[in-house]
Amino acid sequence: MAGADGVEIRGAKHRALISLLATAPLGRRTRSFLQHTLWGDAGYDSGHQNLRRALSDLRKILGEDFDRILHITSTDVEIDLDALRFTGDPHRGAFLEDLNVQTPAFAAWRQKLRDNPAGAATLCARGAITQSPKPRITALPLSVLGEDPQLRAFGDWVAEEICRVLSRSSLYSVISHLSARAMVQRMIDLADVRDTLDVDYMITGTIRRYRGDCVLDFDFLDARSGVIVWNRHFSCPEDSFTDELPERLINVVVSAGRTIADAAIGHIRDKRLGDIADHQLVLGGVSLMHRPALRDFLRSQELLIEAAERMPQAPEVHAWLGKWYVLNVFKNYTTNRKRDTQLALDCTERALDLDPTSSFGLTINGFVHGNLLKRLDVAEARYCAALEVNPNESLSWLLRGTLLAFRDNGQAAIEATDTARRLSPIDPFGYYYDSLSASAHLAAEDYPRALALADQSLQVNDRHLSTLRTQIAAMYFLDDIEGCRQAAETLRRRFPEFRLDSYGRDHPGAGSKTGQRVLEALRASGIR
């Protein structure tokens, strides 16, 4: 539970006191109510002293904010409800389950709130729109006009396929189409779907037959506002519907992913940290982390640190912050490599402390060990553990492919990165997949494909150091010396601190055959 400016209230009686005040009309409770509820039948004098001591403790915790947040009279205690934020998620565990306050009156009050989840959810929403670290999305089974059991089955399968592909991303919480199925048994009401499934976005639509084709129309809705953000239309031959549909749906799910990412960036623009919703905070931070401008990258750190403070029990938030520190070192932005390497390790270990089976946490921890600490065996073990937990963890496949490239196992690296790209067609940061796939093809000495992927990646993000190195090396071994030198000039202009000796010393793949080729190409291009 947090007070002003993110001050966390930890003591059991202090948290209980704040919780009691937060549930009262206007945030005001009488002293006698608080004394009886928190200290029971200890007697008026004892209860009075205990309450006074608790308020004195809160004054020490809150400092100068105490008088702004709490207003004390001889009969009442009142709290500013706008200054509160409850940590945790009302959908994960019982309300205040870790609070060991035994008085009967407090236990009865707490049980009353537990019996009314909506009340607990309202409390937890104070100070933040949601405690979920990721936006929530679902796909409703497509509607069918008339009675056509085959089309109904097709419409249900379409929703299932969309949810399946969306769930491969670590950026979204996907509500199963099975939960959504009950909502379409009657006339769809947007508010009903939003409130019942607690989603931020939804995909809905219709399916019909026309001249031997199945015709599908999709709408992507912002569930909070009811606005239709975009729609898509396509058709499939009925006799090959199940074969062709998965490929046709890629456009729908890619559009959904990009729209959610863009909405997060739009939401956070020019807003104070305290005014940003939790799920927009995380996705906005992740989105800005992958943008080329340094100012966006630095803003990303602010957002992710705030998210980690708001949601200390969410392992994926700590893992994303760990990835930020890895990229800060790997992009050559850091002013203290040793410190940022340790912070990356601390963040990912925190994520694994919270959930040792988190495939994303295992993946980013492997990223730290492989790319910063050059412990390739540890990195490989983490990636394998992540894939054992979740064989569809695309980032594990991608980073494992990079590790294989560091070891000059080019063909296996290509297979791993191709698997990653196949599993993550909706990733809004596809340039990163293109970049690491280019490295895999470079290790396999497939220079034309390496160059094509590097060029494709740079069209989206032209400030990615690793991609520029790959582009220079591919051009050099394709005998495009002039292009190689021009690319090197671009690298020098964008990363003036880059030096060959630091690359040779710090890069985990520099000692490999592929790494030595990159050094040869960089040297020939004029970089020193």
Side-chain angles (χ1 to χ4, degrees), residues 1-132 198 274 278 309-313:
M1 183 184 302
D5 300 321
V7 175
E8 190 166 1
I9 309 300
R10 293 182 178 273
K13 285 292 174 70
H14 303 136
R15 291 173 61 203
L17 173 59
I18 297 293
S19 301
L20 288 166
L21 292 170
T23 59
L26 303 179
R28 181 185 298 137
R29 297 280 192 184
T30 65
R31 283 177 172 266
S32 59
F33 171 85
L34 295 171
Q35 291 165 198
H36 172 71
T37 304
L38 291 175
W39 289 278
D41 298 324
Y44 175 81
D45 289 338
S46 177
H48 177 76
Q49 293 295 333
N50 286 329
L51 177 59
R52 188 170 67 179
R53 188 177 302 112
L55 291 171
S56 177
D57 291 343
L58 284 173
R59 181 178 289 279
K60 293 176 183 176
I61 294 169
L62 296 173
E64 62 184 18
D65 287 320
F66 179 87
D67 291 323
R68 180 172 61 84
I69 295 171
L70 290 160
H71 179 62
I72 315 295
T73 70
S74 59
T75 58
D76 297 328
V77 179
E78 182 180 355
I79 194 166
D80 178 2
L81 296 175
D82 291 335
L84 289 178
R85 182 173 71 249
F86 279 71
T87 58
D89 186 332
H91 303 288
R92 296 180 181 176
F95 179 63
L96 297 179
E97 62 182 336
D98 62 334
L99 206 56
N100 186 26
V101 178
Q102 301 295 332
T103 55
F106 181 81
W109 167 83
R110 181 170 54 189
Q111 189 59 48
K112 183 178 179 181
L113 266 177
R114 289 179 178 178
D115 292 339
N116 177 24
T122 300
L123 277 178
C124 292
R126 280 186 178 144
I129 295 174
T130 175
Q131 281 289 323
S132 171
D198 189 24
D278 291 355
E309 290 177 352
R310 286 193 201 179
M311 295 169 282
Q313 302 304 311

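Since the structure is predicted, the reported quantities are computational estimates derived from the model, not experimental observations.
Pairing each heavy atom of A105 with each of T37, the nearest pair is CB-CA, 3.8 Å. The nearest pair of heavy atoms linking D80 to R68 is CB-O, 4.1 Å.
Inter-residue side-chain proximity for N50 and L38 is flagged as unmet; no heavy-atom pair is nearer than 4.5 Å.
Among L70, L55, I79, D57, the one residue that satisfies the side-chain contact (heavy atoms from CB on, under 4.5 Å) test with L17 is L55.
Expressed to the nearest 0.5 Å, how far CG of L34 lies from CH2 of W39 amounts to 7.5 Å. Separation of atoms CD (Q35) and CZ (R52) is listed at 11.0 Å; rounding is to 0.5 Å.
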